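These notes concern the structure reproduced below.
Just so you know, these numbers come straight off a predicted model, no measurement behind them. Letters A, B, ... are given to chains in the order of the sequence lines, protein chains preceding strands, and every chain is numbered from 1. Any value given below was found using the heavy atoms of this structure, including those in side chains, with hydrogens, waters and symmetry copies removed.
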2 protein chains.
Amino acid sequence: MPKKCSCLVLRRLAIYYRYLSQLPSESSHALSSAEISKQLGIKASQLRQDLHWFGEFGHQGYGYDIEYLKGQLCNILHLNMIHPFIIIGAGNLGQALANYAEFERDGFILKALFDINPKLIGLRIHNVEIMDMDCLESFASKNQISIAAICTPSNNAQNVITRAVNAGIKGIWNFASPNVIVPDDVIVENVYLSESLYTLAARLDEGNKSAFNELNAH
Amino acid sequence: MPKKCSCLVLRRLAIYYRYLSQLPSESSHALSSAEISKQLGIKASQLRQDLHWFGEFGHQGYGYDIEYLKGQLCNILHLNMIHPFIIIGAGNLGQALANYAEFERDGFILKALFDINPKLIGLRIHNVEIMDMDCLESFASKNQISIAAICTPSNNAQNVITRAVNAGIKGIWNFASPNVIVPDDVIVENVYLSESLYTLAARLDEGNKSAFNELNAH
DNA sequence: TAGATTGTTAATCGATTAACAATC
DNA sequence: TAGATTGTTAATCGATTAACAATC
């Protein structure tokens, strides 16, 4: 067994956390691994194995106290603190992400967007300013930014990521391009948005009548 | 070896496809598995193994013809056809997705958004109309919609997905909630957007000075 | 031909699942 | 106590990597 758990485990812990957070408050105080895992479509032993990486959070014969487990997962996922973040690239995707306010609830506070396009600089999205890329380094270090979401075209990604890292950013939420190069102490989390949609299309039944039009006919 | 390749393989095929699509046209005609995989940060044997699920696309001693491989991946991923799709739930996330025009290039054409909020119905996002949820079934079957992106609150997800499936939709791009129940011939592709961000935060170094503020202090 | 690189099998590695003793 | 359910080990399963014969 390696020292560090895999990203797969962390992602499931995040799924457990979200599930527990969304339970109606009038529900019971405790749940068994069998009950939780059934709701999430996984195996109970996997849930217990995942938690086992970080300690013991349940009681034999009883299950898991919901509030306690939620608090522990919150700690494990570092959601008990503010994460100021910025978005680099204020095109469609960057603006879309800025408008998706959901993250604020969990302490991810958007401080600024950055772009090189003079037509965008100065505009406000979701009440956050789009700033000139030239200001990236000074802004990031002054405001102790920990995370940058990368929403530039893929051929710019490595360049802006290097700049962000030099300005002290330790977490890259990367929507732009796979396989960027960063120092060992910087974490890159890739989001494969179009690839996810491609995968869905690929898995659709070939006989599916709704997708028979040739692209050329468009 | 199972009959069907895993979703992990399909996702990597999508990554290869995007990589090849983005190559400048003045680059060479052929690439070896070693060259491609180095750019993408994977092992060459994995690239060859992934392709091996679907056939033989290279030539010994020569490598892969870029245009040919791109075309074959396009077929495998079903990107050689139009996929009309809708977005269910026109809140922040649904609107954000509608504004993210990138998919159109690959044949994913947004035909409508749906919501129950009377204030949203009739508005146009990215020049596509937000329609009343009551029209979902008739619109979806009349327009041969194959894919629905689910952007409702998670407690509505199962309900709208059941309705979408009854209207003939075969692919669910699910941003709302894990573990929804669908018939065997319907494909669900989950996108874990907040979970991805949680995972990034969890992996950030504990000593990271940029994230030391208590959430309570906010 | 000699060098390069594939297709493909076999070996390794890691993740998931099953099982059950411990114990509430 | 008896029943329930955890924590944890061991077994299984699947995915990744290495190796190399085939061959361009």
With distance as the sole criterion, is a donor-acceptor pair present between the side chains of E189(A) and T199(B) under 3.5 Å? no
For DNA chain C, please output the secondary structure as dot-bracket, reading 5' to 3'. Pairs are Watson-Crick or G-U wobble, both atom distances under 3.5 Å; mark crossing pairs with [ ], other-strand partners with |, unpaired with a dot. ..||||||||||||||||||||||
Backbone N or O of A96(A) within a donor-acceptor pair of the N99(B) side chain at under 3.5 Å? no
Let me know the distance between NZ of K43(B) and P of dT8(C), rounded to the nearest Å. 22 Å
Residue R48(A), side-chain atoms from C-beta onward, closest of dA15(D), dA15(C), dC20(C): dC20(C)
In whole angstrom, give the distance that lies between atom CG of L8(A) and atom P of dC13(C). 19 Å
Which is it for M133(A) and V160(A) under the side chain to side chain contact (heavy atoms under 4.5 Å, CB included) test, yes or no, and what are the steps along the way? CA-CA 9 Å; M133(A) 263 301 284; V160(A) 302; 3.6 Å; yes
Separation of dA15(C) atom P from R12(A) atom CZ, nearest Å, is 9 Å
Output yes when at least one side-chain N/O atom of S33(A) is less than 4.0 Å from OP1 or OP2 of dT5(D), else no. no
Once you measure the plane-to-plane angle for Y68(A) and F57(A), does it fall in the parallel (<30°), tilted (30-60°) or perpendicular (>60°) bin? tilted
What is the distance from CG of L47(B) to P of dT6(C), rounded to the nearest Å? 8 Å
Between C1' on dT6(D) and CD1 on I36(A), what's the gap in Å once rounded to a whole number? 12 Å
How is S45(A) classified with respect to the nucleic acid when contacts are heavy atoms under 4.0 Å: base, sugar-phosphate, or nothing? base
Proximity to DNA chain C (any heavy atom under 4.0 Å), residues of residues 54-73 of chain A only: Q60(A), G61(A)
All heavy atoms of L193(A) vs all of Y100(B), minimum pair found to be CD2-CE2, 4.1 Å
Whether the S141(A) and E137(A) side chains hold a donor-acceptor pair (N or O, under 3.5 Å, no angle test) is what I'd like checked. no
For dT16(D), take OP1 and OP2 only and decide whether either is under 4.0 Å from a side-chain N or O of Q46(B). yes
Nearest-angstrom distance from the residue atom CG of L51(A) to P of dA15(C): 16 Å
Would you say S194(A) and E102(B) are linked by a side-chain donor-acceptor pair, where the criterion is simply a distance under 3.5 Å? no
May I have the distance from L31(B) (atom CG) to dT5(C) (atom P), rounded to whole angstrom? 11 Å
Could you check how far CD of Q49(B) sits from P of dA10(C), rounded to whole Å? 12 Å
Closest nucleotide among dT16(C), dA10(C), dT6(C) to the S32(B) side chain: dT6(C)
Counting just side-chain N and O atoms, does H52(A) come under 4.0 Å of either OP1 or OP2 of dT8(D)? yes
With distance as the sole criterion, is a donor-acceptor pair present between the side chains of N75(B) and N80(B) under 3.5 Å? yes
Taking the six-membered ring for Trp, are F108(B) and H83(B) parallel (under 30°), tilted (30 to 60°) or perpendicular (over 60°)? parallel
